Each structure stands twice: as structure tokens, then as C-alpha cells.
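Quick note: numbers below take in every heavy atom, side chains included, and nothing from hydrogens, waters or symmetry partners. Numbering of residues begins at 1 and proceeds along the displayed sequence. All values reported here derive from a predicted model rather than from experimental measurement.
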Amino acid sequence: MDATSRAAGSTALLTDRYELTMLQAALRSGAAHRRSVFEVFTRRLPNGRRYGVTAGTGRVLDAVENFRFTTPQLDWLSAQGVVDEETLEFLAGYRFRGDIHGYPEGEVYFPGSPVLTVEGSFAEAVILETLILSILNFDSAIAAAASRMTSAAGTRPCIEMGARRAHESAAVAAARAAYVAGFSATSDLEAGFTYGIPTTGTAAHAFTLLHDSERDAFTAQIASMGRGTTLLVDTYDLQEAVRTAVEVAGPELGAVRIDSGDLTLLAHRVRRQLDDLGAHKTKIIVTSDLDEYAIAALAAAPVDGYGVGTSLVTGSGHPTCAMVYKLVARESTPGGPLIPVAKRSAGAKSSVGGRKWAARRPDADGVAEAEVVGTGPVPEELAGHLLQVPLVVAGESVGREPLAAARERHIRSRAALPLSATQLSKGEPVLTTERTA
């Protein structure tokens, strides 16, 4: 992530009240300064998904860096009686000075994978819980959906265009996560400005309806944007619109966009018509409530690109990853060794104690065959396959990287999975998680 993309505002109140009330009680009991280790993981993937995708890591680094309590925020906390004066004094000087390790952005993960490990005093680490989870749960959900879509699209580009279907801030985060998972561009200008993602877009039906005729609209658009623009051709009669588009722009017309109807049938008809008119290089872009299944169904159609909105920004039916932030180890005495701690409860909500490492074991052909998670020494044969990397050391971010690096990592990570990982049919995670002491 480029330094210019870092958010400037305080993130300190993007949290739940009980984070601060826990802090207050821990300060009073004397346990607040115990060295502690928190772990972010998910117990399961969304039903039918084969793998998850880590996304939002760069945003987490920005958010932690900007986790500073301002005077107006502290005054509000005091007026509302949220915490006492001792806690307000602690918050006034709060800076995260601990360490964060985690899966680098773009890496795939599985149930039980320690996606992020936060180590510091209980006081400085516990109050980051809500903020970290809100970022990772949303961004990783979008990236997982985007990865399925780009996999189904193959070499054809996918364009993110879901801004009007999400909260304005979520739309920017979604565009970023989609780009990590292989989308080529976004329609959202804020995402382009903040993160350097390529932006694209030309005209909607309103532009055609504004003019006295479709020909007038096409002529105006081409005069403004050039012959390489994309013309929306399904406002009235599709066949007539394609004919008019080529007459106005000539065979150099960049692309036509189809936004409704039976996209497979219409794409074939439009391709044939474009070729008959000599516009052999004019591309066909399709939109209209696409998801990974619709994209896969269009694989044999003469389509050159996909615009995806609603399904993408809602995680294609799974808008969260159900990640949790759990205390897994703490000091037994001040300055003493860390001891494992874990929740013990009925059902599936128990956790495994201890600070963990994770490695992805490859088979003889280099294809991943298992996610190995352990708390003891790392076996020699896995030492070269560890997944976590340093992100924050002694409060200083060391894990920032260009967004392009996360994109490239995701391509490599997904390609190293068994072929069944990219199947859209429902199934179990493509790798099992093996635990070792």
C-alpha cells in the first residue's frame, strides 16, 4: 500500500463499548499490562466454499496506526460515563506498541488458520478487536467472492461496479478487496484515488434517454470520448442499436455493453452482427446482476469482459467470514512465560490455546495438500513453508506493500491449490487443517 493511501482520521471509536469497559476493569484489577496474544481465525468457511482469501491487511495497518483518541472523543467518553478517569488517562496516551504477524494480503486461508496474531499488553491489544474484525471480515468476504468470479472468468477481465449497492465507505473497501482478488478495474473514483485502482465507465441508459435519438446519444459520446469508448446498446432495440453504433463510430468502436436479457443468446447475436458489419475488434461487455455462476455459464459465449456489482459487494451471499479475535496466551506472572488459554464451551465455539505458527505443506508436485497449524517447534520440513509474516514490530508497521503485490500473491496462492479449489459446486474446504503440538 502506498503511503498516500493511508486514512487520516482517528479510528479509535470504531469499536464496541465493551472493549473499553474490559480495559477499565483490567486496569483496576492490575491485569491490564499482562503480555497477551490474540488470534484472528475462523472456525468454518461459508457453506460450500473451498477456500478463503485474506484481504484488508493493508487497511488494518492504517487503522491501527490511526487508533488515537482525540480530545473531543475523550470528552465524549467522559460525558457519557463510558469509562472512568484512570481509563481516560490511559486512552489519552494510547499507542499500539506491540507486534502483529499474519497471513500476507492475497493469501488463501482455511478453518483454523491463524490469519492474524496480535501480541502486546492486554490493554493495548484487546481494544483493537472490533476494528480488526470489522475490516478483515468484510474485506476477506468480498475477496473470496471476487476470487471465485475471476477464476470463473478465466482470462476475461472483471470490472467492479457495486458502489451504488453498498454503503459509500464499504464500496471503496469492496473495490480494493476485489482488486486484490483479480478484478481489473472499478467504477468507484474514490477507490481509484485512494488506492490507485484503475477506473472505468462511460454512460448509462439515462444518457441515451436524454437525447432525441439513440444516434444523437452515440454521436455525442463518441465526440466526447473517442471511437474506443463503450456504447450501451440495449436501451431500445438491440439489433438497431448495434447497427447505429457501428455506423456512427465505424469498425474502430471499442466495445458495446449489454445490460439485460438472455446474455448468452444476445452475446452470440451481437458478435455475429458486429462481425457482419466489419467491427471484428469491437468487444462485448456484459453486466446485469452477474455472479460467479452466471460468469461461468457465459464461458462459451463470445464475451470479452464482465461488470459485477451487487453480488460482489455482498460477498455473493456471504457478506462476512465469521472471523473471531480470541485470547490464546497470556503471561502467568509479570515478565513470566506465556501460558496457553482457551475458551471451553459446548458446541463449536471452543478455541485452541497457545501462540501458533502455520505452514502449507506441498506434495511432491508442489501442490498444497494440508494446512498445518502448530504451537510447538516448527518441523524442519515445514520451515520453508511458513505463512505468517511480520506486519507490525514494536508498534511500527513493517508490512506495507503495493496493492499489486497482494494481487500477484493471490494468483500464486490460488494456483498452488488442488484443481478442485476453483469448482463452483458446493464442497468441503479443499485443504484440511492439521494441528500439531
Side-chain angles (χ1 to χ4, degrees), residues 15 19 22 33-43 52-65 67 95-137 139-140 321-332 337-343 350-360 371-379 382-383 385-401 406 409 413 433-437:
T15 190
E19 310 291 8
M22 277 194 292
H33 302 294
R34 284 185 175 179
R35 191 77 177 169
S36 301
V37 179
F38 287 85
E39 181 181 291
V40 176
F41 64 94
T42 186
R43 297 183 175 94
V53 180
T54 307
T57 310
R59 295 210 307 121
V60 166
L61 296 182
D62 291 343
V64 171
E65 185 175 272
F67 202 93
R95 301 290 187 272
F96 180 74
R97 297 182 175 88
D99 301 330
I100 300 177
H101 290 72
Y103 281 36
E105 195 152 20
E107 183 61 77
V108 300
Y109 70 85
F110 298 91
S113 296
V115 173
L116 203 73
T117 303
V118 180
E119 184 170 355
S121 70
F122 179 84
E124 62 184 341
V126 71
I127 60 176
L128 297 177
E129 175 185 9
T130 301
L131 180 61
I132 287 175
L133 287 180
S134 68
I135 294 172
L136 292 182
N137 266 315
D139 290 34
S140 298
C321 301
M323 289 181 181
V324 294
Y325 185 98
K326 296 299 180 184
L327 182 66
V328 295
R330 63 166 176 83
E331 283 180 335
S332 55
L338 292 172
I339 59 172
V341 294
K343 177 181 178 179
S350 60
S351 57
V352 177
R355 194 185 197 290
K356 302 174 188 66
W357 53 263
R360 190 161 299 141
E371 191 93 337
V372 185
V373 177
T375 55
V378 179
L382 294 178
H385 302 285
L386 292 174
L387 293 163
Q388 286 196 335
V389 299
L391 298 171
V392 176
V393 176
E396 296 294 326
S397 293
V398 298
R400 284 198 172 88
E401 61 181 3
R409 180 180 297 111
S413 179
T433 303
E434 298 180 2
R435 295 196 177 276
T436 179

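Side-chain contact between Val37 and Val118: absent, with no pair of heavy atoms (C-beta onward) separated by less than 4.5 Å. Within the 4.5 Å cutoff, the side chain of Thr42 has no heavy atoms near those of the Phe110 side chain. Using a 4.5 Å heavy-atom threshold, the side chains of Arg35 and Arg330 count as separate. Looking at Phe41 and Pro111, their side chains never come closer than 4.5 Å, going by heavy atoms from C-beta outward.
Residue Ser140 comes nearest to Met323 through the heavy atom pair OG-CE, 3.8 Å, listed as atom of the first residue, atom of the second, then distance. Nearest approach of Glu129 to Glu19, heavy atoms of both residues: OE1-OE2, 2.9 Å. In terms of heavy atoms, Gly56 sits closest to Asp139 at CA-OD2, 3.3 Å. Pairing each heavy atom of Ala342 with each of Gly353, the nearest pair is CB-N, 3.5 Å.
Shown here are the salt bridge (Lys or Arg N to Asp or Glu O under 4.0 Å) partners of Arg355, two or more places apart in sequence or in another chain: Glu119. For Ala359, the side-chain contact (heavy atoms from CB on, under 4.5 Å) partners two or more places apart in sequence, or in a different chain, are Trp357, Leu382, His385, Leu386. Under the salt bridge (Lys or Arg N to Asp or Glu O under 4.0 Å) criterion, Glu434 pairs with Arg361, not counting sequence neighbours. When the side chain to side chain donor-acceptor pair (under 3.5 Å) test is applied to Thr117, the partners found at least two apart in sequence or on another chain are Gln388. Take Ser413 and apply the side chain to side chain donor-acceptor pair (under 3.5 Å) test, not counting sequence neighbours, and it matches Glu107. The side-chain contact (heavy atoms from CB on, under 4.5 Å) check on Ala358 picks up Tyr103, Pro114, Val373, Leu387, with sequence neighbours excluded. By the side-chain contact (heavy atoms from CB on, under 4.5 Å) test, Val64 pairs with Val60, Phe96, Ile100, Leu128, sequence neighbours left out. Scored by the side-chain contact (heavy atoms from CB on, under 4.5 Å) test, Ala123 finds Leu23, Ala32, Phe90, Ser121 as partners (sequence neighbours excluded). Residues satisfying the salt bridge (Lys or Arg N to Asp or Glu O under 4.0 Å) test with Arg34, not counting sequence neighbours, are none. Taking the side chain to side chain donor-acceptor pair (under 3.5 Å) definition, one finds that Arg409 meets it with Glu401, sequence neighbours left out. For Glu39, the side chain to side chain donor-acceptor pair (under 3.5 Å) criterion is met by Lys356, not counting sequence neighbours.
Separating the CD atom in Glu105 from the OG1 atom in Thr54 is a distance of 8.5 Å, to the nearest 0.5 Å. Here OG1 of Thr130 is found 11.0 Å from CD1 of Ile135. Values are rounded to the nearest 0.5 Å. Note that NZ of Lys343 and CG of Leu327 are 13.0 Å apart. Values are rounded to the nearest 0.5 Å. Distance check: Met22 CE to Phe122 CZ gives 5.5 Å after rounding to the nearest 0.5 Å. Atom-to-atom distance recorded for Ile132:CD1 and Arg59:CZ is 12.5 Å, nearest 0.5 angstrom. Here Asn137 contributes atom CG and Tyr325 contributes atom OH; the two are 13.5 Å apart, rounded to the nearest 0.5 Å.
Judged by distance alone, the side chain of Glu331 and the main-chain N or O of Ser36 form no donor-acceptor pair under 3.5 Å.
In this structure, a donor-acceptor pair under 3.5 Å is present between the side chains of Glu371 and Ser113.
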Run Val352 and Val328 through side-chain contact (heavy atoms from CB on, under 4.5 Å) and show every step you take. CA-CA 7 Å; Val352 177; Val328 295; over 6 Å; no
Can you check side-chain contact (heavy atoms from CB on, under 4.5 Å) on Glu65 and Arg400, steps first, answer last? CA-CA 12 Å; Glu65 185 175 272; Arg400 284 198 172 88; 3.5 Å; yes
Dump the intermediate steps for side-chain contact (heavy atoms from CB on, under 4.5 Å) on Arg360 and Val108, then the final yes or no. CA-CA 10 Å; Arg360 190 161 299 141; Val108 300; 3.4 Å; yes
Donor-acceptor contacts under 3.5 Å from residues 389-396 side chains, at least two apart:
none

